[in-house]
**Student:** 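Take a look at this one; I'll ask things after.
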Amino acid sequence: MEVNAVHKSIDLYNEVNFKVNLVLEKQSCNMSFVWNDKMKRYCATLIKSNGDILFEGVAINPHSIFPVNSSLKQKGLNGYFTLHSFDINLVDTEDTIKNWKDYYFLFYSVVY
């Protein structure tokens, strides 16, 4: 059985608060990122251009898939987001995670 996957790179910035416009599975979305000082993580919110909230305030951890549950599938998307480091030996620190554009890449994946 052949498995096909589509991966879409998401732009990251070393700013405490920023937004990116995305087209995911032919649906226009806005994704916002806010640095949370208590958690020492960025938290993400994804909203379709029609105002439907796909997820809100999800903490992003390196090398983990988010959102954790199937909330995207319930809202009409079939993929997931993953944050990976450029260097597999990178030790995650507040500095590397807060300045994540320099150390990580974020992508959305759909497996068919």
Side-chain angles (χ1 to χ4, degrees):
M1 180 167 104
E2 186 176 329
V3 174
N4 295 315
V6 175
H7 305 286
K8 179 174 185 63
S9 179
I10 313 292
D11 290 334
L12 297 176
Y13 299 91
N14 292 339
E15 299 175 15
V16 294
N17 191 351
F18 66 94
K19 288 184 181 183
V20 293
N21 297 319
L22 306 168
V23 176
L24 304 173
E25 301 179 59
K26 300 181 183 176
Q27 298 180 54
S28 181
C29 301
N30 295 310
M31 193 168 193
S32 61
F33 301 89
V34 176
W35 178 256
N36 183 312
D37 268 330
K38 286 184 180 181
M39 297 174 67
K40 305 298 183 203
R41 296 278 184 258
Y42 278 98
C43 293
T45 298
L46 183 66
I47 302 173
K48 287 184 183 179
S49 59
N50 68 5
D52 288 349
I53 298 172
L54 298 166
F55 58 80
E56 188 171 24
V58 173
I60 303 173
N61 296 300
H63 309 288
S64 64
I65 293 171
F66 70 94
V68 174
N69 58 30
S70 60
S71 64
L72 283 182
K73 196 158 193 79
Q74 294 169 2
K75 305 276 183 156
L77 293 177
N78 298 300
Y80 56 90
F81 294 90
T82 310
L83 181 70
H84 280 282
S85 60
F86 293 123
D87 177 359
I88 60 171
N89 296 315
L90 178 71
V91 176
D92 300 325
T93 66
E94 180 181 347
D95 182 61
T96 62
I97 293 172
K98 193 169 189 177
N99 296 294
W100 62 351
K101 180 182 178 182
D102 301 331
Y103 300 98
Y104 301 93
F105 59 97
L106 177 65
F107 59 92
Y108 178 76
S109 300
V110 180
V111 178
Y112 297 97

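Below, each value reflects all heavy atoms present in this structure, side chains not excepted, and no hydrogens, waters or symmetry copies.
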**Student:** Please tell me if the side chains of Tyr104 and Ile60 come closer than 4.5 Å, counting only heavy atoms from C-beta onward.
**Tutor:** no
**Student:** Do Phe66 and Leu46 have side chains that get closer than 4.5 Å, going by heavy atoms?
**Tutor:** no
**Student:** Is there a donor-acceptor pair closer than 3.5 Å between any side-chain N or O of Trp35 and the backbone N or O of Lys40?
**Tutor:** no
**Student:** Which pair of non-hydrogen atoms, one from Phe86 and one from Asp102, has the smallest distance, and what is that distance?
**Tutor:** CD1-O, 3.8 Å
**Student:** Any chain of hydrophobic side-chain contacts (each under 4.5 Å) joining Phe18 to Ile97?
**Tutor:** yes
**Student:** Asp87: what forms a side-chain hydrogen bond (donor to acceptor under 3.5 Å, both in side chains) with it, not counting sequence neighbours?
**Tutor:** none
**Student:** What closest approach, in Å, do Gln27 and Gly76 show between heavy atoms, and which atom pair accounts for it?
**Tutor:** NE2-O, 3.1 Å
**Student:** State which residues pass side-chain contact (heavy atoms from CB on, under 4.5 Å) with His84; sequence neighbours excluded, sorted by chain then number.
**Tutor:** His63, Thr82, Phe105, Phe107
**Student:** Given 3.5 Å as the limit, does a donor-acceptor pair link the side chain of Thr45 with the main chain of Gly57, or not?
**Tutor:** yes
**Student:** Given 3.5 Å as the limit, does a donor-acceptor pair link the side chain of Glu25 with the main chain of Val110, or not?
**Tutor:** no
**Student:** Would the distance check show the side chain of Lys75 and the main-chain N or O of Lys48 forming a donor-acceptor pair, the cut-off being under 3.5 Å?
**Tutor:** no
**Student:** Taking side chain as C-beta onward, heavy atoms only, is Asn14 less than 4.5 Å from Lys101?
**Tutor:** yes
**Student:** Look up atom CG in Asn78 and atom OG in Ser109, then write down how far apart they are to the nearest 0.5 Å.
**Tutor:** 12.5 Å
**Student:** Measuring only between side-chain heavy atoms, which start at C-beta, is Leu12 closer than 4.5 Å to Leu83?
**Tutor:** yes
**Student:** Once you round to the nearest 0.5 Å, how far does SG of Cys29 lie from CD1 of Ile47?
**Tutor:** 9.5 Å
**Student:** Val34 and Phe81: same hydrophobic cluster, using ILVMFWY side-chain contacts below 4.5 Å?
**Tutor:** no
**Student:** Out of curiosity, does Tyr42 fall in the hydrophobic cluster containing Phe55 (side-chain heavy atoms, cut-off under 4.5 Å, transitive links)?
**Tutor:** yes
**Student:** Cluster question for you: counting only ILVMFWY and a side-chain heavy-atom cut-off of under 4.5 Å, with indirect links fine, are Met39 and Val58 together?
**Tutor:** no
**Student:** Shortest non-hydrogen contact from Asp52 to Asn50?
**Tutor:** N-OD1, 2.9 Å
**Student:** Nearest 0.5 Å please: distance from the CG atom of Asn99 over to the CD atom of Glu15.
**Tutor:** 11.0 Å
**Student:** Group every Ile, Leu, Val, Met, Phe, Trp and Tyr by side-chain heavy-atom contacts under 4.5 Å, then state whether Leu77 and Ile53 land in the same group.
**Tutor:** no
**Student:** Is any side-chain heavy atom of Leu22 closer than 4.5 Å to a side-chain heavy atom of Tyr108?
**Tutor:** no
**Student:** With side chain to side chain contact (heavy atoms under 4.5 Å, CB included) as the criterion, how do Asn36 and Arg41 come out once you've worked through the C-alpha distance, each side chain's angles and the decisive distance to 0.1 Å?
**Tutor:** CA-CA 6 Å; Asn36 183 312; Arg41 296 278 184 258; 5.5 Å; no
**Student:** What's the shortest heavy-atom distance between Cys43 and Ala59, and which atoms?
**Tutor:** SG-CA, 4.0 Å
**Student:** State whether the number of non-hydrogen atoms from other residues, nucleotides or ligands found under 6.0 Å of Lys19 atom NZ is greater than 12.
**Tutor:** no
